[in-house]
2 protein chains.
Amino acid sequence: MPADPPLDPFAATLGYQLRRLSLLVMADLADGLEPLGLRPADATVLLAIRINPGITQSELGRMLAIKRANMVPLVAGLEARGLVARAAVNGRSQALTLTAAGERLAGEAHAETDANEARCFPGLSAAERRRWAATLHALWSDGGGPG
Amino acid sequence: MPADPPLDPFAATLGYQLRRLSLLVMADLADGLEPLGLRPADATVLLAIRINPGITQSELGRMLAIKRANMVPLVAGLEARGLVARAAVNGRSQALTLTAAGERLAGEAHAETDANEARCFPGLSAAERRRWAATLHALWSDGGGPG
DNA sequence: TATTGTTATACTCTATAACTATA
DNA sequence: TATAGTTATAGAGTATAACAATA
């Protein structure tokens, strides 16, 4: 008697499938970013600053759901590597921008996120991915979901 | 000049949206399970044993992507609470089953996962959720995605 | 009085390495 | 020789509390 494969109690559980897929995609992204010396969180920060030059740490944290306290070592690390520059806005806030090296690396990070999407979601056109992304976005950004 | 909301560089990034949504769903599930004294991982183990009575720790770990070493305290905790029972299969493997109390609590955990799905994915029928879940499942379980 | 940035710290989850006993 | 279960431990990511300086 060949051992039956175990039954999957979560085959119809969207939340579980979402999590398993997300973990796989994140692991693939982490692998792809490693040669750039970036973790996923570093890359998201670089890309968010690139498209929002002058954004502050607090705004960045709210937008990316990273706590202020955890933004500190993250941004400090990028600044120490000469990728991000800070300019005082008003004595307590500091505007973040990318240095030339930061722009360059952000470009590479962006290319890697594209490659990650292509690897993880083969058979989906860019337009289809955009549509799916919008659907998922609505589920967490709206009041549609849980509180 | 009202402060413009920051631009979202990940609006079209499926992997990022997947992650943000997954985190929200997991947090909601954790909240819902807390009154039962269960974490999400505990609940997945209970439900997997319930549908696969006699499954071993190793099989369980492979199925749920939990490392053997991390299964130990997890299952031990459930056993200590009288929810799970072990029966030697062959000197090195042990068949896991639910006790009566375990069955009862697994039932409540299952009800909570249903409630979690309903809260997080309102407007989706059970059939639609099943279809979506299958689509996501294929992306991580197949060789379709990254290696 | 609320917010920014910061420090220090704790907690959870996950990963690795090594070991014993068994198949 | 490979596998099951175990132990100990390390690491990442995230969370809380408190503080100083500023708005």
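Lettering follows sequence order; numbering is per chain, from 1. Keep in mind it's a predicted model, so treat the numbers as computed, not measured.
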Task: Proximal nucleotide (of D:dG5, C:dT7, C:dG5) relative to the A:R86 side chain - done: C:dG5
Task: Greater than 12 external heavy atoms within 6.0 Å of B:R68's CZ - done: no
- [ ] Between A:R39 and A:V89, name the one whose nearest nucleotide on DNA chain D is closer to the 5' end.
- [x] A:R39
- [ ] Give me the ring orientation class for B:F10 and B:Y16: parallel if the planes are under 30° apart, tilted from 30 to 60°, perpendicular past 60°.
- [x] parallel
Open item on the list: Just the rounded figure in Å: distance from P of D:dT14 to CZ of B:R20.
Closed with: 11 Å
TODO: Figure out the CE/C1' separation between A:M71 and C:dT4, and round it to whole Å.
DONE: 12 Å
Task: Nearest-0.5 Å distance, CG of residue A:L29 to OG1 of residue B:T13 - done: 10.0 Å
TODO: Of all the heavy-atom pairs spanning B:I49 and B:L60, show the shortest one and how long it is.
DONE: CG1-CD2, 3.8 Å
- [ ] Using whole Å, report how far CD of B:E34 lies from C1' of C:dT12.
- [x] 14 Å
- [ ] Could you tell me whether B:A69 contacts a base, only the sugar-phosphate backbone, or nothing, with contacts defined as non-hydrogen atoms closer than 4.0 Å?
- [x] base
TODO: Check if the side chain of A:R92 and the base of D:dT22 share a donor-acceptor pair of N or O atoms closer than 3.5 Å.
DONE: yes
Task: Nearest-neighbour nucleotide for the B:S58 side chain, C:dA15, C:dG5, D:dG5 considered - done: D:dG5
TODO: Please report, rounded to the nearest Å, how far the C1' atom of D:dA4 is from the CD1 atom of B:I55.
DONE: 14 Å
Task: Interatomic distance where CG belongs to B:N70 and P belongs to D:dT9 [whole Å] - done: 15 Å
Open item on the list: If you compare every side-chain N and O of B:R68 against the phosphate oxygens of D:dA2 (OP1, OP2), does one of them come in below 4.0 Å?
Closed with: no
TODO: Let me know, please, whether A:L23 or A:T56 comes out on the 5' side of the other along DNA chain C by nearest nucleotide.
DONE: A:T56
Task: Under 4.0 angstrom between A:R62 side-chain N/O and C:dT4 OP1 or OP2 - done: yes
Open item on the list: For D:dA4, does the base pair up with any side-chain atom of B:N90 as donor and acceptor (N or O, under 3.5 Å, distance only)?
Closed with: no
Open item on the list: Rounding to an integer number of Å, can you tell me how far A:I66 CD1 sits from C:dT6 P?
Closed with: 15 Å
Open item on the list: Starting the side chain at C-beta, find the nucleotide from D:dT16, C:dA15, D:dG5 nearest to B:Q57.
Closed with: D:dG5
Open item on the list: Output the rounded distance in Å from CD (B:Q94) to C1' (D:dT3).
Closed with: 14 Å
- [ ] Round to the nearest Å and state the distance from B:K67 atom NZ to C:dA18 atom C1'.
- [x] 16 Å
Open item on the list: Are A:L18 and B:L21 packed together at the side-chain level, in the sense that at least one heavy-atom pair is separated by less than 4.5 angstrom?
Closed with: yes
